[in-house]
Number of protein chains: 2
Amino acid sequence: MTGEAIADFGDEPMTGTSDGALARAAGVTAWRQIADAIEADVMNGRLTPGSQLPTEARLAERFAVNRHTVRRAIAALAAKGLLRATQGRGTFVEAKPLAYPIGRRTRFTEIVSREGHEAGGELMSATETVADEETARRLRLMPGAPVLRTEVRRFIDGTPVSYGTSFFPLPRFAGVTAVLRETGSITRALAACGVTDYMRAETRITARLATGDDAARLDLSPGRILFVVDALNVDGTGTPVQAAHVVFAADRVELVVENG
Amino acid sequence: MTGEAIADFGDEPMTGTSDGALARAAGVTAWRQIADAIEADVMNGRLTPGSQLPTEARLAERFAVNRHTVRRAIAALAAKGLLRATQGRGTFVEAKPLAYPIGRRTRFTEIVSREGHEAGGELMSATETVADEETARRLRLMPGAPVLRTEVRRFIDGTPVSYGTSFFPLPRFAGVTAVLRETGSITRALAACGVTDYMRAETRITARLATGDDAARLDLSPGRILFVVDALNVDGTGTPVQAAHVVFAADRVELVVENG
DNA sequence: AGGAATTTGTGCGTATGTATG
DNA sequence: TCATACATACGCACAAATTCC
């Protein structure tokens with residue numbers, strides 16, 4: 001693999017006859033050779049994180065194979081988390097995972113912007129309901145107590161990294177919905193209800209594979225790994241203010257526990 | 001599903017004609033019906049964590065199918081993490097994941113025994129080598145400085161839960177090998193070198209799928225989820241004493257971050 | 001607002017090489 | 001040697017999502 005970058009061909013003629021040439025009738029399948037070529041381009045920096053690959057049609061032309069064959073190579077790399085293909089947009093090189101500190105002060109927006117990225121939040125739903133046994137125990141409420149249930153999806157530089165549901169004790173935090181819908185920031189939503197500061201009391205981390213629903217919400221392929229994070233936030237007096245159940249795309253974040 | 005537990009049939013006659021009977025020629029494959037039946041037995045507590053299933057041959061007889069069909073059902077549940085089949089031993093219901101606290105004082109043996117389980121450790125290898133760039137940075141050494149590299153596998157109640165490599169600065173911790181080989185305990189090994197107390201400074205958590213090697217070492221099926229944990233331990237003065245790179249079987253532990 | 005162009009996603013059919021029995 | 005099954009690869013057509021004018 002000494003060829004030029006796959007993405008670098010434009011209208012100019014090919015610079016080498018061996019470029020893009022596959023060893024047909026060799027022991028390795030065509031789609032795997034293509035996948036290896038693309039992966040090498042990513043590893044060598046010829047394709048940088050966030051950059052767009054040529055269209056499947058152009059890659060097929062380039063490697064002199066059918067588009068299906070290119071698609072198979074891309075699918076393999078997407079399953080590895082190296083690429084991400086979106087219908088109507090194109091295929092892109094995935095960004096490096098963001099270090100996501102988990103500590104007493106865990107604030108999504110602060111974390112992301114401190115690393116030089118743009119944080120985004122989207123309130124997907126907000127309904128008043130009653131606490132089930134598990135939620136009541138975590139929020140130290142009676143089962144059946146009124147709670148606000150919100151579903152929030154979070155983005156870094158426009159790509160979704162997590163989504164999940166949160167529960168807030170209800171007489172106290174009735175006002176979070178409006179702020180959450182407008183800003184997508186939990187911190188500001190709680191501040192609007194008089195919680196000037198809150199702390200992460202406990203974080204439980206498990207993992208599972210992405211279902212079709214997860215895949216759709218996080219724009220990744222089914223079967224990728226998800227972190228399942230159950231978090232409890234408390235106010236200055238130690239009173240629970242938020243119980244969250246969030247799934248993260250495991251190859252878009254790296255969870256970091258710092259013990260200062 | 002109102003049948004008796006699968007594991008409960010012994011020499012007594014069947015208590016109901018429908019027990020174990022499959023809806024052949026229905027829309028659901030035989031192996032999936034068997035898998036669902038076993039899963040229901042686990043969920044309802046008729047099969048408890050740690051208990052052994054009947055042999056594949058007996059299950060095949062029970063459901064009146066070929067043993068291959070039973071194996072497919074078991075394989076599906078093993079892939080979900082519900083069962084674990086070990087050659088020569090049998091098939092067992094997986095235990096619930098153990099809560100594994102990650103904090104300033106993270107001690108494997110203490111954590112496990114406090115939860116009422118038996119902790120085990122096995123030193124797989126110990127070699128003197130030199131620090132590569134990454135290891136040197138973490139241990140605050142010069143690249144090329146001598147370090148001790150150990151590979152340790154850990155068990156809870158006899159089942160492997162993690163394995164990984166650790167690096168110790170070498171002039172100081174030459175004595176850990178012997179203690180580690182004898183006790184499998186990092187805490188005692190460090191104590192033997194004069195480190196009466198150590199602290200977890202940082203823990204980085206990512207995830208990946210188990211390869212064949214991982215699967216062999218942790219006695220799980222390839223493709224299961226692994227937590228990849230990079231940890232740094234320091235002594236009372238803040239000097240790094242151990243840099244570890246450990247993989248955990250993600251469905252045998254739940255990582256818990258507590259912020260006192 | 002709307003419609004064309006672009007790009008990925010999906011389905012079907014066909015042919016070929018390679019194990020398997 | 002034949003039959004079968006499976007994965008690979010190709011070709012064509014259309015659907016669906018996004019972007020751009």
Side-chain angles (χ1 to χ4, degrees), chain A residues 1 3 5-12 14 18-42 46-95 118 120 122 124 153-161 163 209-224 249 251-252, chain B residues 27 29-32 65-69 71-72 75-76 79 209 211-212 221-223:
Chain A
M1 271 310 302
I6 294 169
D8 280 356
F9 72 101
D11 297 309
E12 72 275 29
M14 288 196 287
S18 71
D19 265 331
L22 266 53
R24 305 307 284 262
V28 189
T29 58
W31 67 265
R32 182 158 288 280
Q33 292 183 57
I34 296 171
D36 288 346
I38 296 174
E39 183 168 5
D41 276 352
V42 173
R46 287 190 291 254
L47 285 172
T48 57
S51 69
Q52 182 170 10
L53 266 72
T55 67
E56 294 172 354
R58 282 175 82 82
L59 284 173
E61 188 186 342
R62 173 71 162 178
F63 286 104
V65 296
N66 191 277
R67 189 164 77 97
H68 283 303
T69 309
V70 170
R71 283 183 57 73
R72 186 154 184 187
I74 290 175
L77 295 177
K80 282 181 60 177
L82 202 71
L83 302 180
R84 184 158 48 107
T86 310
Q87 191 172 145
R89 282 184 13 101
T91 306
F92 300 83
V93 181
E94 282 279 24
E118 185 201 350
E122 174 195 10
M124 305 176 75
R153 190 155 62 133
R154 293 211 149 115
F155 303 82
I156 298 178
D157 295 334
T159 70
V161 293
Y163 80 90
L209 297 178
T211 66
D213 281 352
D214 303 317
R217 279 190 262 252
L218 294 176
D219 189 20
L220 41 79
S221 44
R224 307 311 321 285
D251 37 33
R252 313 230 244 253
Chain B
T29 59
W31 68 267
R32 182 158 289 280
V65 297
N66 192 283
R67 184 165 150 255
H68 285 303
T69 310
R71 284 183 58 75
R72 186 156 181 188
L209 297 178
T211 66
S221 44

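The model shown is predicted, which means the values in this text are computed figures rather than measured ones. In what follows, every chain begins at residue 1, and chains take the letters A, B, ... in the order their sequences are listed. In what follows, every heavy atom counts, from backbone to side chain, and hydrogens, waters and symmetry copies are set aside.
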Review point. Can a side chain N or O of A/Thr86 be found less than 4.0 Å away from OP1 or OP2 on D/dT18?
Key: no
**Study point:** Below 4.0 Å: OP1/OP2 of D/dT19 and any side-chain N or O of A/Arg89
**Key:** yes
Review point. Which whole-number value in Å describes the distance from A/Trp31 CH2 to D/dA9 P?
Key: 8 Å
Check your understanding: Please give, in whole Å, the distance from D/dA9 P to A/Ile34 CD1?
Key -> 8 Å
Point to revise | C/dG9 OP1/OP2 closer than 4.0 Å to side-chain N/O of A/Arg71 | key: yes
Review point. Is there a side-chain polar atom (N or O) of A/Thr55 under 4.0 Å from OP1 or OP2 of C/dT6?
Key: no
Point to revise | For the student: nearest non-hydrogen atoms of A/Ser221 and A/Ala78, plus distance | key: OG-O, 3.7 Å
Review point. Nearest-Å distance, CZ (A/Arg67) to P (C/dG9)?
Key: 9 Å
Point to revise | A/Asn66 CG to C/dG11 C1', straight-line distance once rounded to whole Å | key: 14 Å
Exercise for review: State, yes or no, whether a side-chain contact exists between A/Leu209 and B/Leu209 at a heavy-atom distance under 4.5 Å.
Suggested key: yes
Exercise for review: Would you mind reading off the distance between A/Asp219 atom CG and D/dA16 atom P, rounded to a whole angstrom?
Suggested key: 18 Å
Check your understanding: Roughly, in whole Å, what's the span from CD in A/Gln52 to P in C/dT8?
Key -> 7 Å
Practice item. Rounded off to whole Å, could you give me the CG-to-C1' distance for the A/Leu59 and C/dT6 pair? Key: 15 Å
Revision key, fill the gap. Taken to the nearest whole Å, CD1/A/Ile74 to P/C/dG9 is 8 Å
**Study point:** Contact check, side chains of A/Leu47 and A/Leu53, non-hydrogen atoms, under 4.5 Å
**Key:** yes
Practice item. Side chain of A/His68 only, please: which of C/dT8, C/dC12, D/dT19 is the nearest? Key: C/dC12
Check your understanding: More than 12 heavy atoms of other residues, nucleotides or ligands under 6.0 Å from CZ of A/Arg153: is that the case?
Key -> yes
